[in-house]
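Report on the following structure.
Each chain gets a letter, A, B and so on, in the order its sequence line appears, and its residues count up from 1.
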Amino acid sequence: MAEKTEKYDHKSIESRWQAEWETGGAFRTTEGHGDKYYVLEMFPYPSGKIHMGHVRNYSIGDVLARFLMMKGKNVLHPMGWDSFGLPAENAAIQHGIPPAKWTHENIANMRTQLKRMGLSYDWSREVATCTPEYYKWNQWLFLRLFEKGLAYKKRSSVNWCPECATVLANEQVEDGECWRCGSVVEMKELDQWFFKITAYADELLEHTNKLPGWPERVLTMQRNWIGKSVGAEVDFKLEGSDEAIKIFTTRPDTIFGVTFMSLAPSHPFVEKITTPERKKEVAEFAAKVKAEAKASRPGADEAEKEGVFTGAYCLNPLTGERVPVYAANFVLMEYGTGAVMAVPAHDQRDFEFAKKYGLPIKVVINPAGVELDPLKMEAAFVDSGVMVNSGKFDGLPSDGAKDAIIDSLEEQGKGKRSITYRLRDWGISRQRYWGCPIPVIYCDKCGTVPVPDANLPVILPENVNLTGKGLSPLAGADDFVNTVCPRCGNKARRETDTMDTFVDSSWYFLRYTSPRNETLPFGKDEAGYWMPVDQYIGGIEHAVMHLLYARFFTKALRDLGLHEIDEPFRNLLTQGMVCKEITKCPEHGYLYPEEAAGGKCSICSKPVSVGPVEKMSKSKKNVIDPDRIIKEYGADTTRLFSLFAAPPEKDLDWNEEGVEGSYRFLGRVWRLVVENLDLISGAKAWQGGSLEGSSRELHGATHRTIKKVTQDIEERQHFNTAISSIMELVNASYQFMPTLNGKGAGSVEARVFKEAAEAVVLLIAPFAPHISEELWSRLGSNVPVYKMKWPEWIEDALKLDEIEIPVQVNGKVRGRVRVAPGASEAAVKEVVLSDAKVKEFVEGKEIKKFVYVTDKIVNMVVA
RNA sequence: GCGAGAGUGGCGGAAUUGGCAGACGCGCCAGACUUAGGAUCUGGUGGGCAACCGUGGGGGUUCAACUCCCCCCUCUCGCACCA
């Protein structure tokens, strides 16, 4: 140990092993045999550079993939690029770089970055959604959905940004404004393609109960999004007309309490039924509500309920009572039928509305044993209770009366059972260039004609003038637009909208199972073998959109006979955000960490304030570039820290001291092995047998660590505690080192030490694979670590001769005794009562109770 | 408002089934080795002089509560006129 130990040089180690993996095709998946496991991380949009969120996401996935490989699973662990999208178009508009060039350069750069992280991907399966090889199948799937009636076109109202001259997805509208330019978003009527996701609403909802491997909150969000309501549709006949207003209600039990009717101001009946003398007022009101809706709806309950009387009346189908019809601002045209029966006594909104406009309140449900007085009510009574003022239904419990009332309505032909969803069909048309062309041709004679399969892919042309103005960029590409009708051969025009990029990502996990298939989007056999994804990992921001769309596609493709599974992702892990404290200069605002070295602003030298921890974002400048960290500390340290600092599903607080700590730990592992290399590689593996003293302890610690690390990864995915237990084993090994002095490689001590050191090297492999490979090869192995079998613990080694039992007196620890494992209560009691320390607290008092939890604790109650 | 999650040392976090609160790491303190150390190794580190007190606050169950029950406070996220 006298000579200087070789330093831990992460740079040369990491580049050597990355080259080794690359040339050796290390993580190429062997097809279709054995116990499979599909690990998938959400593929990135190729923005140009990876960020810490990616680092965390892929580190988590890589731990699982490498661990399971060592566990003997046939692991599929692919990577690709969600590479269509608006940023590429913006780059073209702002910097004149063609979107394809920009995207492919970004992919090349990010691929290099990912390879520098040492991730165990099967790169031979890489896909990019912007390539014709991929989007051909997007188009093919579109056509299959079209044939089944699951893709259709209709005119509908969409979010429109007048400045960018394009449609925006709902998620791209922030508080009623365009996320890019901040213009107020308008509603515009356009012809749009839709996918009929609502056809699967019930199954999507039902199957949320069959996903025990998903976080509850994601399931809850999806259930809310789908928003199923069970109730009835009821016709309220208009007075003096044959027509009826159709309403949807979940509370048919309150129908006898209807005192007015509320229509959405944009409901088609509003114009039709309003009496001439009220026309002006109603029209003004409708215009006002429309204007407010444009500037984003003011949130919920505190918004004032407003409305106007249309002058018309309708008739309660069960009582025949005359009911005035109002237009009201809180009724949404998009939900249900756009018309609501108003029951002020039992609905809070209707109650407020009735109070404001002096409309009658009629109680039809009383809480058990209470009689409500409409004049004294301060809020609606919305719970269930006992029916009153409801004719033959009086006295029934209101819950049960729902069915009876619907039955009665159905008998009279005035209503029927009905289910309503909040979920809308998925509008997939985008007036954008950088996306998958929708494979449809419009012919004056034949109408809407799908592009025949033989003509796929419809290639996205490259010579397109992008200005960011006007309609779809493709509409100006004459070579693209002008074509002939596949049916009649006459001149025809192509669809110029492209698909929402969420379409691309709704089935990429299936493509990975046979990424080079040239006859189908994916092979049925391969999908049958690999699907479902066993572990999917990604950010919570995709809780609804992507994950719901992917579930829908999986079901729709199943019904097309392309595969046989119901749900794409068996287990879902939603990682937390990567955060860092913000740094501010009183003069120059937010500063990048590099601009605040030594606590002073690099521009003006004023002291900076270090603020609260927030999600890393460019706008707040609290970002850390993974490239810099990897260069400075290495990929192993970067990965290790991102896994050690917090459990995966929690937010991670990035701090550089912590990174240094992880680097120090790897240095410690390095020295543990390298300083004792001759001894370890010279010693024979410990084969078992009886051990004493510190050797026995180290042996036990080794196996306890193996057990803990294995279970933490496998059962809990708590990598932070797995890593901390490896640290403990390393610490224990250092403590053991002095006993090695003067002992040869043949000694028991050397052999037990070898066991511990080798366990450390194998156990850190999923977290820090490069250093693990390097040390493992130095220890003399010809087999790389990733092909090694994951170590197994020996139960016998975990057994202890004696266990230290804390002894509590009246709940406070007053002493400790050592007993044999499994000792009887009587035996333990004897030892405890003869213990000097314990005696001090017990002497002269009566022991009222003696509790012994085997091998855990003693507690005595004395008085 | 509704739904979900969280609140533990100076900091990140641990305690998996009700059984020694604070593992592991950061930071800090001390010592060793060194020409030197911001390297490395070793030890210490919740508060309090102590009895004791300590897991957001208050109550309860229990021999025993971070953990279970009731009430309250704070924060984060999601949904938010859904009829």
Side-chain angles (χ1 to χ4, degrees), chain A residues 5 7 215-225 227-229 231 247-251 254 262 264 297-305 328-332 334-343 347-350 352-353 420-422 540-541 543-544 576-577 579 581 613 640-641 644-647 649-662 664-665 667-668 671 708 711-712 715-716 718 720-728 730-731 734-735 737-738 804-814 816 848-862:
Chain A
T5 310
K7 255 193 91 179
E216 197 53 43
R217 63 179 183 137
V218 174
L219 295 173
T220 305
M221 282 163 75
Q222 293 215 348
R223 289 182 195 124
N224 289 342
W225 188 264
K228 182 179 182 174
S229 297
I247 62 100
F248 173 76
T249 181
T250 56
R251 294 296 303 273
T254 63
S262 306
R297 207 179 286 284
D301 308 327
E302 56 280 13
E304 183 83 11
K305 311 281 179 280
N329 66 344
F330 61 89
V331 181
L332 308 172
E334 312 87 75
Y335 185 80
T337 61
V340 187
M341 66 178 206
V343 186
D347 181 283
Q348 186 57 29
R349 291 158 304 182
D350 297 341
E352 288 170 29
F353 195 90
T420 298
Y421 297 92
R422 205 184 80 110
I540 187 75
E541 66 273 20
V544 174
M577 295 181 299
C579 304
E581 79 278 347
V613 173
L640 191 73
F641 176 73
F644 177 64
E649 68 278 7
K650 288 187 68 172
D651 286 352
L652 185 155
D653 195 356
W654 191 273
N655 78 313
E656 200 106 350
E657 287 84 16
V659 177
E660 278 170 20
S662 292
R664 266 202 296 271
F665 168 66
R668 233 164 120 74
R671 287 186 300 276
K708 168 89 175 143
Q711 292 182 340
D712 276 353
E715 292 164 20
R716 300 203 304 163
H718 277 199
N720 54 332
T721 51
I723 292 166
S724 77
S725 66
I726 301 173
M727 288 172 169
E728 287 180 85
V730 169
N731 291 345
Y734 269 80
Q735 299 291 324
M737 271 161 65
E804 191 181 73
I805 304 289
V807 180
Q808 297 182 332
V809 178
N810 293 339
K812 281 174 186 146
V813 180
R814 299 301 193 186
R816 288 162 196 286
K848 300 212 159 164
K849 196 163 193 169
F850 186 95
V851 182
Y852 176 53
V853 182
T854 308
D855 298 348
K856 285 264 167 74
I857 201 164
V858 167
N859 192 12
M860 282 182 279
V861 184
V862 304

Among the candidates [options], find the nucleotide nearest to the side-chain atoms of [X].
X         : options                : value
Asp653(A) : U16(B), G12(B), A83(B) : G12(B)
Val813(A) : C20(B), G12(B), C63(B) : C20(B)
Met221(A) : C20(B), G13(B), G78(B) : G78(B)
Phe644(A) : C26(B), G12(B), C81(B) : G12(B)
Tyr734(A) : G19(B), G13(B), U42(B) : U42(B)
Val340(A) : G25(B), C41(B), A83(B) : A83(B)
Lys812(A) : C24(B), U40(B), C53(B) : C53(B)
Pro806(A) : A14(B), C63(B), C20(B) : C20(B)
Val851(A) : A83(B), G43(B), G19(B) : G19(B)

Quick one: is [N] close enough that its OP1 or OP2 comes under 4.0 Å of any side-chain N or O from [X]?
X         : N      : result
Arg668(A) : U42(B) : yes
Asn720(A) : A14(B) : yes
Arg664(A) : G38(B) : no
Arg223(A) : A4(B)  : no
Gln808(A) : U62(B) : no
Ser724(A) : G13(B) : no

Which whole-number value in Å describes the distance from [X] [atom1] to [N] [atom2]?
X         : N      : atom1 : atom2 : answer
Lys650(A) : G12(B) : NZ    : P     : 9 Å
His718(A) : A15(B) : NE2   : C1'   : 12 Å
Glu334(A) : A80(B) : CD    : C1'   : 14 Å
Ile857(A) : G19(B) : CD1   : C1'   : 5 Å
Arg422(A) : A83(B) : CZ    : P     : 11 Å

Can a donor-acceptor pair under 3.5 Å be found between the side-chain atoms of [X] and the base atoms of [N]?
X         : N      : answer
Arg816(A) : C20(B) : yes
Asn224(A) : C79(B) : no
Lys856(A) : C20(B) : no

5′-ward residue of the pair Val853(A)/Met860(A) relative to RNA chain B
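On the 5' side of the pair lies Val853(A).
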5'-most contact on RNA chain B: Gly658(A) or Thr220(A), nearest heavy atom basis?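 Nearest nucleotide further toward 5': that of Thr220(A).
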Query - Chi class for G9(B): syn within 90° of 0, otherwise anti - result: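 Here G9(B) takes the syn form, which means its glycosidic angle is within 90° of 0.
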(request) Using the P atom on both, measure C29(B) against G47(B) and round to a whole Å. (result)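 Rounded to whole Å, the distance is 15 Å.
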* With rounding to whole Å, what would you report as the distance between G22(B) and U67(B) at their C1' atoms? ->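 To the nearest whole Å, 15 Å.
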- Query: Base, sugar-phosphate, or nothing for Pro647(A), non-hydrogen atoms under 4.0 angstrom?
  - Reply: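 Sugar-phosphate contact only.
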Would a line drawn from the ring center of Phe330(A) to the ring center of Phe353(A) be shorter than 6.0 Å?
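Aromatic pair counts; centres sit under 6.0 Å.
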